[in-house]
Amino acid sequence: MTGFRDIADADIEQVVALWQTCNLTRPWNDPYRDIAFARQAKTSTILVREQDGRIAATVMAGHDGHRGTLYYVAVDPLVQRQGLGRAAVRAAEAWLAERGVWKVNLLVRSENATVSGFYQALGYEVNPVICLGRKIEDHPALPSTVSGQAQ
Ligand SMILES: CC(C)(COP(=O)(O)OP(=O)(O)OC[C@H]1O[C@@H](n2cnc3c(N)ncnc32)[C@H](O)[C@@H]1OP(=O)(O)O)[C@@H](O)C(=O)NCCC(=O)NCCS
């Protein structure tokens with residue numbers, strides 16, 4: 001199954017709605033900002049797939065010069081368990097492999113741990129790591145162009 005393409009301006013509202021339906025958005029993350037930031041870099045993208053004229057699946061893929069990462073893997077609940085999730089991950093892997101990436105990491109929120117079965121069905125393994133993070137929103141070097149206003 002193929003048919004994934006880069007997100008276009010006209011897709012954004014549908015994509016955000018899909019992420020909300022799939023419970024992937026959080027109050028502290030602005031999805032419009034995430035989309036704008038991923039689209040501005042050559043090292044990241046958001047791939048979408050339409051079905052019956054609607055956005056049915058998405059995946060954000062990117063790399064930092066070391067590893068590839070997937071985010072926002074989402075399939076419309078109306079068409080889940082039909083192979084679209086697998087196809088999204090495979091499309092993202094192909095996008096990364098074309099750019100020389102040979103290892104892909106991704107995070108699963110602990111409250112969504114059951115979804116790890118999906119990734120394991122696709123050959124992903126649970127790695128014994130602790131994920132740490134820190135927001136640097138107030139860093140003076142952060143460009144104002146990457147603001148939460150990007151809708
Ligand atoms: C997770 C998600 C993307 C899977 O999409 P999907 O289109 O239903 O998955 P597929 O039909 O491609 O399934 C691929 C394989 O994973 C398995 N699978 C799918 N969802 C699963 C789940 N929740 N738990 C365990 N296995 C699952 C399928 O049985 C299938 O295995 P098989 O090929 O051996 O039969 C979809 O359920 C979704 O959008 N969930 C909400 C958002 C989410 O949690 N995203 C992941 C964030 S980390």
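Note that ligands are numbered from 1 as they come in the structure, with each ligand's atoms numbered from 1 the same way.
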Salt bridge or not between [X] and [Y]? Use side-chain N to carboxylate O under 4.0 Å.
| X | Y | result |
| --- | --- | --- |
| Lys103 | Glu93 | no |
| Asp11 | Arg5 | yes |
| Glu13 | Arg54 | no |

message = Checking contacts now, so for atom 7 (O) of ligand 1, which I'm interested in, is there any protein heavy atom under 4.0 Å?
response = yes
Sub-4.0 Å protein heavy atom next to atom 2 (C) of ligand 1 | no
Under 4.0 Å from a heavy atom of [X]: which atoms of ligand 1 are those, numbered in the order shown and with their elements?
| X | value |
| --- | --- |
| Val73 | 3 (C), 42 (C), 43 (C), 45 (N), 46 (C) |
| Cys22 | 39 (O), 41 (C), 42 (C) |
| Gln82 | 11 (O) |
| Ala121 | 15 (C), 16 (O), 31 (O) |
| Ala74 | 39 (O) |
| Gly117 | 25 (C), 26 (N) |

Taking [X] for the side chain and [Y] for the main chain, is one N or O donor matched with an acceptor at less than 3.5 Å?
| X | Y | value |
| --- | --- | --- |
| Thr58 | Ile46 | no |
| Ser44 | Ala38 | yes |
| Asp76 | Leu78 | yes |

Polar contacts were defined as any N/O atom of the residue lying under 3.5 Å from an N/O atom of the ligand; does this apply to [X] and ligand 1?
| X | value |
| --- | --- |
| Val115 | no |
| Gly83 | yes |
| Gly85 | yes |

Below 4.0 Å from any atom of ligand 1, is there a heavy atom belonging to Leu107?
yes
Side-chain H-bond candidate by donor/acceptor type, Thr69 with Asn105, under 3.5 Å = no
Using only heavy-atom distances, determine whether the side chains of Asp34 and Tyr71 contain a donor-acceptor pair under 3.5 Å.
no
Counting heavy atoms under 4.0 Å, the part of Tyr119 that contacts ligand 1 is side chain
With heavy atoms and a 4.0 Å threshold, my read on which part of Arg109 contacts ligand 1 is neither
Please state which option from [options] has its nearest heavy atom closest to [atom].
| atom | options | result |
| --- | --- | --- |
| atom 44 (O) of ligand 1 | Asn112, Leu106, Asp76 | Asn112 |
| atom 39 (O) of ligand 1 | Val79, Thr114, Val75 | Val75 |
| atom 29 (O) of ligand 1 | Arg81, Arg86, Gln80 | Arg81 |

The protein heavy atom nearest to atom 9 (O) of ligand 1 is Phe118 CE1, 3.5 Å
4.5 Å side-chain heavy-atom contact, Gln51 and Leu84:
yes
Common cluster, Leu70/Leu122, ILVMFWY with side-chain heavy-atom separation under 4.5 Å:
yes
Parallel, tilted or perpendicular: ring planes of Tyr124 versus Tyr119, cut at 30 and 60 degrees: perpendicular
